[in-house]
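The structure appears right after this line, and notes come after that.
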Amino acid sequence: MEFPHLMQSFQMKNLVLRNRIIMAPMLSRLCDPDGIVSQKLIDYYAERAKGGAGLIIVEYCYIDEKESKANQGQLGAYSDQLIAGLGDLAEAIQEWGAKAILQICHAGRSTSAKFMGRQPMAPSAMPGYTGEMAREMTLEEIEAAMDSFAEAARRAKTAGFDGVELHGAHGYLMAQFLSPYTNRRTDIYGKDRGLFALRTLERVRARVGPDYVVGYRMSGEEFIEGGITLEETRAFARRLEERGIDYLHVSGGIIEVGEHFVIPMYFPKGYLLHLAEGIKQAVKIPVVAVGAIHDPSLAEESLKKKRADLIAMGRALIADPELPRKIQSGRPEDIRTCLRCNEGCSSRVRQGKTQRCAVNAEVGRERTLKIHPASKPKQVVVIGGGPAGMEAARVLALRRHKVTLIEKENELGGLLRYASVPDFKEELRSFLQYLKIQVKKTGVEVLEGRRATLDLVKELNPDAVVLAAGSTMPVPEIPGVQKSFAASALDLLSGKFQPGDRVLVAGGAAMGCEIAAHLASLGKKVVVVEMMGGLALDLENRSRAALLHLLKERGVSTFLNWRLEKIEEGRVLLSDRSGNRKEVGTDSVILALGLKPNQDLLEPLRKSFPEVQVIGDCREPRKIYQAVHEGFFVGRTI
Ligand SMILES: Cc1cc2nc3c(=O)[nH]c(=O)nc-3n(C[C@H](O)[C@H](O)[C@H](O)COP(=O)(O)OP(=O)(O)OC[C@H]3O[C@@H](n4cnc5c(N)ncnc54)[C@H](O)[C@@H]3O)c2cc1C
Ligand SMILES: Cc1cc2nc3c(=O)[nH]c(=O)nc-3n(C[C@H](O)[C@H](O)[C@H](O)COP(=O)(O)O)c2cc1C
Ligand code: SF4
């Protein structure tokens, strides 16, 4: 077997896990408004249990009807009335052979009065990430919060969960007590910052008994000035072990700096592994590592080198619920790779929406969006082999349509071939590979190196046509743009253009910033010029924070609120809105200024065929999320 350590079973008390892959807890917002388990939520988790994970840690639940709620649409464990639904959920997971643990959480200051109609409370009075001021908890309130944890744990056990996980990470109440950043109390809970968690554990244990699995999620380090460090969390881990915790699940960061735990593509994979390793060296109980450990080889190697005992994967199992089963059956090439883009999961739930995924349109709609064979198979031509065209072709072929995919280049991939060039886009390269393999495996006929024309499509005589011809990068009307030392982002990424030592990138949206970071990694001296007042404004917050960090780390300079006016040999001229001008010396100029849809074929096709669908960037230049989702839905509806 290729991944023997990952696929090895694991025993924790009486709990036997079929392998060492754990689904990390993740807010899905798929429950009913009062935190009651819904059918959608059951379907979502059942799909992941069916996909082969050894253990599923169900998303954080709030534990009382007062201040503990962290988010709208959060799952609840606050009342006995919720036990029935939680029981159905646990059962649906266990029926597929996975074990189920429920994560229980008190928000502390990391919430808003909007959610419960009460001012948030915390160990010490200070504002939370929403900017709302939290008040200091009284000793009675501390007692009540510990009891609420114990009661929630009892409900989890009654419902049939195999264990509970205390959420002591990411800056929620338990972590707030532990951290010097948030706990400035002078009473016993301030003098011993670990006391709240330890006393809570004692009460939980009293309620669930000695044989029940109780785990603890911690931030090994908080990545914030004045926050907790590994040295202190190692010592605290030993205390938890002495008091009978069954496992430690080591994440990092706090919600204010969420890029350090929902780790975007701009930070390296295995970003938090050193923290799990550090904790593991301090204790004997099982340690779970998490944080961008999506690559099965990295997971395998981490277990082999004993850096951790178990591996939790979050977004990797949103993107592909079947990841464990694909590993088990020796088909890792079929894994649909999570891009670590946060577009569908983290970003959407932060906006109050349900969880979705850029590369998997079925997420959150597992029951309604199952792919079924078409009642009448058709002949379908798909024009364009980018992500939109490939996803449409894949789904159409799975539905037993006869599909011909035409791509004018000699290789499939569309813009992903260029988008995936920078060093930090490994996942995008892997996703591209996945799509190519699926197109092949599903039996799509591919015409590569053939430009689709109306005549060619007519020759193929399809019942339906899908136009997924993407977009092109128009040459902007800037004096000097045709000079040999200026080129488009695509010419640079395709290797057609070789830049000099000093490069100016015009356009500071995500594309321009990524190109700048890429060039800087090649040793170039890079400047980004952007008309707007900020960089990468088209990215979701956590990705943006990480990309800005990367630009800083790689020494990229920026000019904000300036536009490129003229390109000359050895320099460019910039202007601002007030009419000021300045010169900047550079050897090369890269234009990363936007795209225009390729719609030339649209009207002629509409006149000739009864069913023509336009998807992806060809409809309007956007992102992989839209390309994949539109490809999926077209594949499902034809
Ligand atoms: C540098 C760069 C980085 C990017 N990074 C990201 C990112 O990190 N995350 C993200 O979400 N999005 C990113 N994007 C955007 C993303 O790549 C696009 O949204 C996505 O590729 C659109 O997919 P598509 O299939 O609609 O079009 P494309 O990917 O453009 O594919 C269209 C295909 O159609 C082919 N074609 C066109 N005309 C014809 C014809 N007449 N006959 C046959 N074939 C034809 C083209 O050759 C091409 O292969 C990036 C884009 C760029 C340029
Ligand atoms: C949409 C989303 C919701 C999350 N909700 C929780 C949660 O309820 N409890 C928790 O401890 N961590 C939560 N996290 C963090 C994940 O459990 C995990 O630590 C993180 O995504 C890193 O793992 P990954 O790189 O494998 O995704 C969430 C992450 C995401 C993307
Ligand atoms: S939306 Fe992006 S980051 Fe989130 S699971 Fe899907 S691919 Fe991964």
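We're numbering straight along the sequence, starting at 1. Counting starts at 1 for both ligands and their atoms, in listed order.
Comparing heavy-atom distances from atom 22 (C) of ligand 2 across Tyr271, Phe261, Tyr60 singles out Phe261 as nearest. In the candidate list Pro621, Pro597, Gly470, Ala468, Gly470 is nearest to atom 27 (O) of ligand 1, counting heavy atoms. Summarising the contacts of atom 7 (S) of ligand 3 with Val349, Leu339, Val363, Val262, the nearest heavy atom is found in Leu339. Across the listed options Met26, His249, Arg348, Met26 owns the non-hydrogen atom lying nearest to atom 28 (C) of ligand 2. Looking at Cys345, Cys338, Ala319, Ser347, it is Cys345 that brings a heavy atom closest to atom 4 (Fe) of ligand 3. For atom 35 (C) of ligand 1, the candidate residues are Glu407, Glu391, Lys408; the nearest heavy-atom contact is made by Glu407.
A salt bridge is absent between Asp309 and Arg20; no separation between the charged side-chain nitrogens and carboxylate oxygens falls under 4.0 Å. With salt bridges taken as basic N to acidic carboxylate O contacts below 4.0 Å, none links Arg542 and Glu259. Under 4.0 Å is where a charged nitrogen must lie from a carboxylate oxygen, and between Glu603 and Arg606 at least one such pair does. Salt bridge absent: Lys269 and Glu427 never bring a charged side-chain N and a carboxylate O closer than 4.0 Å. Ion pairing between Glu47 and Arg365 fails under the 4.0 Å rule for side-chain N and carboxylate O. Ion pair Arg348/Glu343 not flagged as a salt bridge, since none of the NZ, NE, NH1 or NH2 atoms sits closer than 4.0 Å to an Asp/Glu carboxylate oxygen.
Of all protein heavy atoms, the one lying nearest to atom 14 (N) of ligand 1 is Ala419 CB, 4.6 Å. Distance from atom 26 (O) of ligand 1 to its nearest protein heavy atom, with residue and atom name: Asp617 N, 2.8 Å. The protein non-hydrogen atom at the shortest distance from atom 3 (C) of ligand 2 is Leu27 N, 3.2 Å. Looking at atom 2 (Fe) of ligand 3, its nearest protein heavy atom turns out to be Cys341 SG, 2.4 Å. The protein atom (non-hydrogen) at minimum distance from atom 24 (P) of ligand 2 is His294 NE2, 3.2 Å. Scanning the protein heavy atoms around atom 7 (C) of ligand 2, the nearest turns out to be Pro25 O, 3.3 Å. Protein heavy atom nearest atom 7 (C) of ligand 1, with residue, atom name and distance: Lys425 NZ, 3.5 Å. With hydrogens left out, the protein atom closest to atom 3 (S) of ligand 3 is Asn342 N, 3.1 Å, a heavy atom. Nearest non-hydrogen protein atom to atom 38 (N) of ligand 1 is Ala469 CB, 3.5 Å. Looking only at heavy atoms of the protein, atom 28 (P) of ligand 1 is closest to Leu415 N, 3.6 Å. Of the protein's heavy atoms, Gln103 OE1, 2.8 Å lies nearest to atom 9 (N) of ligand 2. For atom 19 (O) of ligand 2, the closest heavy atom belonging to the protein is Arg217 NH2, 2.9 Å.
Side-chain N or O atoms of Arg394 include none that pairs as donor or acceptor with a backbone N or O of Gln438 at under 3.5 Å. At least one donor-acceptor pair under 3.5 Å links the side chain of Asn19 to the backbone N or O of Gly52. Using modelled atom types, one side-chain atom of Glu59 and one backbone atom of Ser28 make a donor-acceptor pair closer than 3.5 Å. A donor-acceptor pair is defined here as one N or O able to donate and one able to accept, closer than 3.5 Å; such a pair exists between the side chain of Asp617 and the backbone of Arg622. Under a 3.5 Å cut-off, the side chain of Thr472 and the backbone N or O of Pro474 do not form any donor-acceptor pair. Side-chain atoms of Ser110 come within 3.5 Å of backbone atoms of Gly171 as a donor-acceptor pair (strictly under, hydrogens ignored). The backbone N or O of Gly364 sits less than 3.5 Å from a side-chain atom of Glu366, completing a donor-acceptor pair. No donor-acceptor pair under 3.5 Å is formed between the side chain of Arg307 and the backbone N or O of Glu277.
Under 4.0 Å from ligand 1, not a single heavy atom of Leu412 appears. Here Met511 has side-chain heavy atoms under 4.0 Å from ligand 1, and that is the only part of it that gets that close. Counting heavy atoms under 4.0 Å from ligand 1, residue Glu343 does not touch it at all. Of the heavy atoms in Arg340, none comes closer than 4.0 Å to ligand 2. With a 4.0 Å cut-off on non-hydrogen atoms, Leu493 touches ligand 1 through its side chain and not its backbone. At a 4.0 Å heavy-atom cut-off, ligand 1 touches Arg622 through the backbone alone.
Atom CG of Leu435 and atom CZ of Arg336 lie 9.0 Å apart (nearest 0.5 Å). Rounding to the nearest 0.5 Å gives a distance of 14.0 Å between NE2 of His106 and SG of Cys61. We find the OG1-OH distance between Thr337 and Tyr434 to be 9.0 Å, quoted to the nearest 0.5 Å.
For the residue pair Tyr129 and Ala70, the shortest heavy atom distance occurs at OH-O, 4.4 Å. Here the shortest heavy-atom pairing between Met174 and His167 reads CB-O, 3.6 Å. Here the shortest heavy-atom pairing between Ala516 and Val528 reads CB-CG2, 3.4 Å. Of all heavy-atom pairs spanning Leu605 and Leu454, the tightest one is CD2-CD1, 4.0 Å.
Taking a cut-off of under 4.0 Å to the non-hydrogen atoms of Ser346, the atoms of ligand 2 that pass are 1 (C). Counting atoms of ligand 2 from 1 in the listed order, those under 4.0 Å from a heavy atom of Ala24 are 17 (O). Within ligand 2, counting atoms from 1 as listed, the ones closer than 4.0 Å to a heavy atom of Val262 are 29 (C), 31 (C). Using a 4.0 Å cut-off to heavy atoms of Met313, the atoms of ligand 2 that qualify are 26 (O). When each atom of ligand 3 is checked for a heavy atom of Ala358 under 4.0 Å away, the hits are 1 (S), 6 (Fe).
The shortest N or O to N or O distance between Gly314 and ligand 2 is below 3.5 Å. For the pair Ala388 and ligand 1, the shortest N or O to N or O distance falls below 3.5 Å. Checked against a 3.5 angstrom limit, the closest N/O atoms of Ile383 and ligand 1 fall outside it. For ligand 1, one of its N or O atoms has an N or O atom of Ile624 under 3.5 Å away. At least one N or O atom of Pro387 sits closer than 3.5 Å to an N or O atom of ligand 1. For the pair Leu490 and ligand 1, the shortest N or O to N or O distance does not fall below 3.5 Å.
At a threshold of 2.8 Å, atom 2 (Fe) of ligand 3 has no backbone or side-chain N, O or S atom of Cys357 nearer than that distance.
Between Val290 and ligand 2 there is a heavy-atom distance shorter than 4.0 Å. For Ala316, the heavy-atom gap to ligand 2 stays at 4.0 angstrom or more. Ligand 2 is approached by Ala292 to a heavy-atom distance shorter than 4.0 Å.
Between His170 and Phe261, the ring planes are parallel. Angles under 30° get that label, and only those over 60° would be called perpendicular.
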